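All values reported here derive from a predicted model rather than from experimental measurement.
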Amino acid sequence: MPVPGLVWAFRIDAAGVAQPLPHEAPFSFEHDGWYWLHFNLADSRAQLWLSELVLPPPARALLQSKDTYQQLHSVDGCVYGVIADLMRDIADATEDTGFLRFVMTERLLITGRYQALCAVDTARRALERGLRVDHCAALFEVIVHNVADAMESITDNVAETLDRIEDKLLSEDTDDLRQGLGRLRRTCVRLHRHLSGLRVVLHRFDRDRGDDLPPSLRPHAGKLAQRLDGLDRTVTEMRERSRLLQEELHLQIEEQGNNSLRVLSVLTALLLPPTLVTGMFGMNLHGLPFSEDGGGFAWAILIMLLSSFVAYVVMKRFGLIR
């Protein structure tokens, strides 16, 4: 009978070679080596199957929870926690974030997710291609490195897009840049949030973990955190860069608006005197000048032009026109 919610399963022997297992129960766990089971936790039957495994209660509770903050704990010779990972679609990784839950003992690594994730799928394909891992902690390190690789790829794409936006901004071709900059800044904020959370968790685990854990359950949390530190600094710099570009774009748009208002104001000031003249000559009253003169229209046009010229000279003198 297939194990409900099981996405894949591997048995890794003493030499670190992974062998795919059929999706059928029961798993005896009696052979040499250790096992990796990956579950789709959106399947409620998988939750029931996992509840029958012999695991420490806190580890089982976190595995079956829907917590969305990153954490890493150890209890009774078991390491468990939640880490962020990029979600994937059919083609590739997306910029959306999901969460991977895991529990590992010396002979068993259980991972679970509610949406398809990138890092664990990359680790699966690496095992199928012949990657050797000696113990559960080593596979956990591979998964964390895959998380960093996926986020680094997104970071590279963000950097290239920022370069293109900056070129357009400097060339004053600012069409449709606001939406693109906003999306990039939002991506940087998300990446920074999850990277900083994961590196804090790893630093804390490296500092506070107990010496009672066997070597097979001790990931090199310090080294993993150091890599994430550098990546997080890069993401922070790009977030700041996107903010500065967004501010510069807003300044350019504001300056363009001010220029347009200045042109409209000058035109209004130049046309106001002729409008006054036409208003005066348009009054239906006796005694209007040039009303009986055959050249009255030409005189009216001349007066309007002179009034606009006088307005121009006055504004130029007071510095209202550059």
Side-chain angles (χ1 to χ4, degrees), residues 7-8 10 12 15-18 34-38 69-74 79-88 92-106 108-113 115-159 187-188 190-207 209 213 215-236 238:
V7 183
W8 63 72
F10 288 93
I12 296 89
V17 178
W34 51 280
Y35 295 81
W36 178 25
L37 309 180
H38 183 63
Y69 65 94
Q70 302 183 84
Q71 50 193 299
L72 191 59
H73 310 282
S74 63
V79 176
Y80 63 97
V82 178
I83 63 173
D85 188 11
L86 294 178
M87 295 169 56
R88 64 173 292 111
D92 202 354
T94 68
E95 296 181 3
D96 297 323
T97 306
F99 293 90
L100 177 71
R101 291 156 176 77
F102 70 93
V103 176
M104 61 179 177
T105 64
E106 288 191 84
L108 182 63
L109 172 62
I110 299 176
T111 55
R113 47 76 172 172
Q115 302 91 9
L117 300 178
C118 182
V120 284
D121 189 72
T122 304
R124 173 188 64 83
R125 287 187 274 112
L127 290 180
E128 292 175 346
R129 290 194 302 265
L131 175 68
R132 296 193 177 194
V133 284
D134 296 330
H135 43 72
C136 294
L139 182 55
F140 175 75
E141 291 177 14
V142 171
I143 293 173
V144 175
H145 278 299
N146 290 340
V147 171
D149 289 340
M151 292 189 177
E152 193 170 30
S153 177
I154 298 295
T155 302
D156 292 339
N157 293 335
V158 170
T187 298
C188 290
R190 288 178 179 175
L191 290 177
H192 169 67
R193 182 184 302 127
H194 296 304
L195 282 171
S196 60
L198 182 54
R199 67 185 182 83
V200 167
V201 163
L202 291 171
H203 277 303
R204 186 179 301 149
F205 183 79
D206 186 56
R207 181 193 63 200
R209 68 183 180 185
L213 285 177
S216 60
L217 292 179
R218 292 183 185 177
H220 296 93
K223 292 183 178 180
L224 293 173
Q226 287 176 5
R227 180 184 179 188
L228 296 177
D229 287 342
L231 182 57
D232 188 42
R233 282 193 296 270
T234 302
V235 171
T236 302
M238 286 196 303

Min side-chain heavy-atom separation Tyr80-Ser74 under 4.5 Å: no
Nearest atoms (heavy-atom pairs only) where Cys188 meets Val235: O-CG1, 3.4 Å
Salt bridge (charged side-chain N to carboxylate O under 4.0 Å, His left out) against Asp134, all qualifying residues, sequence neighbours excluded: none
Please step through side chain to side chain contact (heavy atoms under 4.5 Å, CB included) for the pair Glu95 and Leu191, ending with a clear verdict. CA-CA 9 Å; Glu95 296 181 3; Leu191 290 177; over 6 Å; no
Return a table of donor-acceptor pairs under 3.5 angstrom between the side chains of residues 137-151 and protein atoms on other chains or two or more places apart.
unit_1: Glu141; atom_1: OE2; unit_2: His220; atom_2: N; d: 2.7
unit_1: Glu141; atom_1: OE2; unit_2: His220; atom_2: ND1; d: 2.7
unit_1: His145; atom_1: ND1; unit_2: Arg227; atom_2: NH1; d: 3.0
unit_1: Asn146; atom_1: ND2; unit_2: Ala119; atom_2: O; d: 3.2
unit_1: Asn146; atom_1: ND2; unit_2: Val142; atom_2: O; d: 3.3
unit_1: Asp149; atom_1: OD1; unit_2: Arg227; atom_2: NH1; d: 3.2
unit_1: Asp149; atom_1: OD1; unit_2: Arg227; atom_2: NH2; d: 2.3

When rounded to the nearest 0.5 Å, the distance separating CG of Asp229 from OG of Ser196 is 10.5 Å
Pair Arg125 + Asp121, salt bridge at N-O below 4.0 Å: yes
Side chain to side chain contact (heavy atoms under 4.5 Å, CB included) evaluation trace for Val79 with His73: CA-CA 6 Å; Val79 176; His73 310 282; over 6 Å; no
To the nearest 0.5 Å, what is the distance between CD on Gln70 and CG on Leu198? 5.0 Å
Interatomic spacing from CG in Asp206 to CD in Gln226 - rounded to 0.5 Å: 8.5 Å
Tell me every residue that passes ring-ring contact (aromatic ring centres under 6.0 Å, His included) with His38, counting only those two or more places apart in sequence or in another chain. Trp8
With side chains defined as the heavy atoms from C-beta onward, is the minimum distance between Leu86 and Asp96 less than 4.5 Å? no
Phe10 vs Leu37 side-chain heavy atoms within contact, under 4.5 Å: no
Asp85 bridged to Arg113 by N-O distance under 4.0 Å: no
Sequence-distant partners of Gln115, side-chain hydrogen bond (donor to acceptor under 3.5 Å, both in side chains), two or more places apart: none
Straight-line distance of Gln71 CD to Phe205 CZ, nearest 0.5 Å: 13.0 Å
Do Leu72 and Phe102 make a side-chain contact, defined as non-hydrogen atoms from C-beta onward lying under 4.5 Å apart? yes
Contact between Arg88 and Leu117 at the side-chain level, heavy atoms closer than 4.5 Å - yes or no? no
With sequence neighbours excluded, what pairs up with Asp232 under the side-chain hydrogen bond (donor to acceptor under 3.5 Å, both in side chains) test? His192, Arg199
Using every non-hydrogen atom in the two residues, find where Glu106 and Trp34 come nearest and quote the distance to one decimal. O-CB, 3.9 Å
Please examine the side chains of Ile154 and Thr187, heavy atoms only from C-beta on, and report whether any two atoms are closer than 4.5 Å. yes
Is any side-chain heavy atom of Trp36 closer than 4.5 Å to one of Ile110? no
So, do Leu108 and Met104 sit near enough that their side-chain heavy atoms are less than 4.5 Å apart? no
side-chain hydrogen bond (donor to acceptor under 3.5 Å, both in side chains) filter on His194, not counting sequence neighbours, yields Thr97
